[in-house]
Student: 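Below: one structure in C-alpha cells.
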Amino acid sequence: MSTEPVRFDTKIAVLLRADLAPWQRLNVTAFLVSGLGATLPEVVGEPYEDADGVTYLPMFRQPVLVFEGDKETLRAAHERALGRALPCAVFTADLFATGNDRDNRAAVRAVPTADLDLVGLAVYGPRNGVDKVLKGARMHP
C-alpha cells in the first residue's frame, strides 16, 4: 500500500454568500454537494467499513473546499462556471421559503439565469478551471 499523499487533478468547491447565518451556510452546503454526488459518480469513493465489519455509506473521494464571497462574487463565479461548462449546483435565496424539492425546482425555474438571487453554488472540475471560477472568493473562515 502506497504512503504517498493522494493528489487530485480535480476540485470540489462550494461558494457561499458571506452574509448567510450559520445554519444557512450548513444547509446550503449540504444541499449543493448532494447534487454533485448524485450526478457525478466519479467524485464518490468506496463505502467505509469499521473493524467490526459494519459498513457505512461512501463519501466524496476528495476534500470539499468551502469559500465565501459577496453577491457580486457569486454572480461572477456562476457566470464563469456556466461559461466553462463545469458541473454546477445553485442555491437561491428563494429556496429558504420553500419546503420541498418540487417547490425548490419551481422557484429556480421561475427566474431567468441573470436574475437568480444566488446564496451558494457548488462546482466541480479541473483544479485550474475551478480556481478561475472562484476568482475573488476567499476561503471560508
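The residues of the chain are indexed from 1 along the displayed sequence.
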Student: Any idea how Phe96 and Trp23 line up, ring-wise: parallel (<30°), tilted (30 to 60°), or perpendicular (>60°)?
Tutor: perpendicular
Student: Sub-3.5 Å donor-acceptor pair from the side chain of Asp52 to the main-chain atoms of Val54, do we have one?
Tutor: no
Student: With a 4.5 Å limit on heavy-atom distance, are the side chains of Val108 and Leu95 in contact?
Tutor: yes
Student: Determine whether Thr92 and Val111 make a side-chain contact, defined as any pair of heavy atoms from C-beta on separated by less than 4.5 Å.
Tutor: no
Student: For Phe8, does its backbone N or O pair with a side-chain atom of Gln62 as donor and acceptor, under 3.5 Å?
Tutor: no
Student: Would you say that Met139 contacts Phe67 through its side chain, given a criterion of any heavy-atom pair below 4.5 Å between the two side chains?
Tutor: yes
Student: Distance from Thr10 atom OG1 to Arg61 atom CZ, nearest 0.5 Å?
Tutor: 4.5 Å
Student: CD of Glu42: more than 12 outside heavy atoms within 6.0 angstrom?
Tutor: yes
Student: Side-chain contact test, heavy atoms from C-beta onward, threshold under 4.5 Å: evaluate it for Thr39 versus Pro87 and give yes or no.
Tutor: no
Student: Determine the minimum heavy-atom distance between Leu36 and Ala122, stating which atoms define it.
Tutor: CD1-CB, 3.9 Å
Student: How close do Pro126 and Leu86 get, counting heavy atoms only, and between which atoms?
Tutor: CD-CD2, 3.9 Å
Student: Can you find a heavy atom in the side chain of Val119 that is under 4.5 Å from one in the side chain of Leu74?
Tutor: no
Student: Quick one: closest heavy-atom pair of Gly37 and Val43, and the distance?
Tutor: CA-CG2, 4.2 Å
Student: Give a yes or no answer on whether the side chain of Arg25 reaches the backbone of Ala18 with a donor-acceptor pair at less than 3.5 Å.
Tutor: yes
Student: Heavy-atom count check: over 12 atoms from other residues, nucleotides or ligands less than 6.0 Å from Phe31 CZ?
Tutor: no
Student: CD of Glu46 to CG of Leu57: how many Å apart, nearest 0.5 Å?
Tutor: 13.0 Å
Student: Report the distance from atom CG of Leu20 to atom CG of Asn27, rounding to the nearest 0.5 Å.
Tutor: 10.0 Å
Student: If you look at every heavy atom in Val44 and Pro58, which pair is closest and at what distance?
Tutor: CG1-CB, 3.7 Å
Student: So which atom in Ala13 and which in Val130 form the shortest heavy-atom distance, rounded to 0.1 Å?
Tutor: CB-CG1, 3.8 Å
Student: Does the side chain of Thr113 come within less than 4.5 Å of His78's, by heavy atoms?
Tutor: yes
Student: Given Asp131, which partner from the list Arg84, Arg80, Lys11 fulfils the salt bridge (Lys or Arg N to Asp or Glu O under 4.0 Å) test?
Tutor: Lys11
Student: Answer yes or no: is there a side-chain heavy-atom contact under 4.5 Å between Leu15 and Val123?
Tutor: no
Student: Find the distance between CG (Leu134) and CG (Leu121) and round it off to the nearest 0.5 Å.
Tutor: 7.5 Å
Student: Between Val33 and Met59, is there a side-chain heavy-atom distance shorter than 4.5 Å?
Tutor: no
Student: Please name the pair of heavy atoms, one in Ile12 and one in Tyr124, separated by the smallest distance, quoted to 0.1 Å.
Tutor: CG1-CD1, 3.6 Å
